[in-house]
Amino acid sequence: MAAERLRSVELVQEQLAFDGIPERLVRVTPAKLTTWSSCPRRYRFNYVDRPQPSRGPAMAHTTLGAVLHNALRAYYELPSEQRTAARLRELINRYWKSDGFAGAEQSADYLARALDWLSDYVERDRLRGEPVGVEKWVSATVGTIIVQGRVDRIDERDGELVIVDYKAGRKPPDVDAARNSLPLALYALATQRMLHAPCPQVELHHLRTSEIVTWRHTADSLAEHRQRAERLARESRDAATSIAEGADPDRVFPARPGAQCAGCEFRRHCPEGTRAVPETEPWALLGE
Ligand code: SF4
């Protein structure tokens, strides 16, 4: 009975837009919208073509990012009294993988770095308080889209919710990255709708340096992100529809070659991307 009620609510949500105008809602993840925005062809390979084209080999920087995220998720899921330096080291070792690294020596070097980075990060993070959600799944209607995805962490500070996103890249992000991040803004909108609490603040936590950049959204800046997301969702939905109706995939999903081609998992299927950026070793994007 409860399941039926839930399904009816979902059906109504899909039929009515936020402003009451009947319109089919588009279900999106921030990752899908970001991929569409940066390269429609990569979007097609990832979300439209079935069977999905084969992916390239594992990249070490992707492996490293996944390990750091997994270790922190497990760490913050522990009761606070069990969050010790020894447990953190145990978790990093448990989740460690060497996929994409140049060999055992480089993998061991980065494992040692990861232990230092996260030890420093959690020590500094201790004062920020208890997370209220770790890898929290959010799903909420935001305007004409249903935003779904997993937030790295949701904190609560001074009666407000804060969206935390971990970054593991070579360089710390700057404040523009937090301000302009579509995923962070959409997660803030979805979180405040789901948890019925204000969520204006978004943060990027750089795990290699423990640096944090913060941005406080206003209602207007969140509305701008929402409108951009609605436009991207419409464009990507229309493109997928037209390809199903026989449109030329290369026209509807054009390649957008650029720096991102170096780390694109589908570059082997993309002549434009292959020409634009020379092939790199799987560990080339690890940094110093
Ligand atoms: S290689 Fe570059 S242009 Fe080609 S699909 Fe990937 S990101 Fe897009």
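Keep in mind it's a predicted model, so treat the numbers as computed, not measured. Order of appearance sets the numbers: ligands from 1, and atoms from 1 within every ligand.
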Problem set entry | Pair Ser210, Asp120: side-chain N/O donor-acceptor within cut-off below 3.5 Å | yes
For this session: List the closest protein heavy-atom neighbour of atom 8 (Fe) of ligand 1: residue, atom name, distance to the nearest 0.1 Å.
Result: Cys39 SG, 2.3 Å
Seminar exercise, completed: In ligand 1, the atoms that come under 4.0 Å of a heavy atom of Arg267 are 1 (S)
Problem set entry | Side-chain (Arg256) to main-chain (Pro40) donor-acceptor, under 3.5 angstrom | no
Exercise. Would you call the rings of Tyr47 and Tyr43 parallel, tilted or perpendicular if under 30° counts as parallel and over 60° as perpendicular?
Worked result: tilted
Exercise. Quick one: does Asn70's side chain have a donor or acceptor within less than 3.5 Å of a partner on Tyr95's backbone?
Worked result: no
Exercise. Which is it for Arg256 and ligand 1 at heavy atoms under 4.0 Å: side chain, backbone, both or neither?
Worked result: backbone
Exercise. Would you say the side-chain atoms of Thr274 pair up with the backbone N or O of Arg267, donor to acceptor, closer than 3.5 Å?
Worked result: yes
For this session: Report, as yes or no, whether the 6.0 Å neighbourhood of atom CD on Gln82 holds more than 12 heavy atoms from other residues, nucleotides or ligands.
Result: yes
For this session: Please find out if atom 6 (Fe) of ligand 1 and some N, O or S atom of Cys261 are separated by less than 2.8 Å.
Result: no
For this session: Work out whether the distance between some heavy atom of Glu272 and some atom of ligand 1 is less than 4.0 Å.
Result: no
For this session: Answer with side chain, backbone, both or neither: which part of Gln260 has a heavy atom less than 4.0 angstrom from an atom of ligand 1?
Result: side chain
For this session: Using a strict 4.0 Å cut-off to heavy atoms of Pro257, name the atoms of ligand 1 that fall inside it.
Result: 3 (S)
Exercise. Aromatic rings Trp96 and Phe101: how do their planes relate, parallel, tilted or perpendicular, breaks at 30° and 60°?
Worked result: tilted
Exercise. Got the closest protein heavy atom to atom 6 (Fe) of ligand 1, with its distance?
Worked result: Cys264 SG, 2.4 Å
Problem set entry | Closest protein heavy atom (residue, atom, distance) for atom 4 (Fe) of ligand 1 | Cys270 SG, 2.3 Å
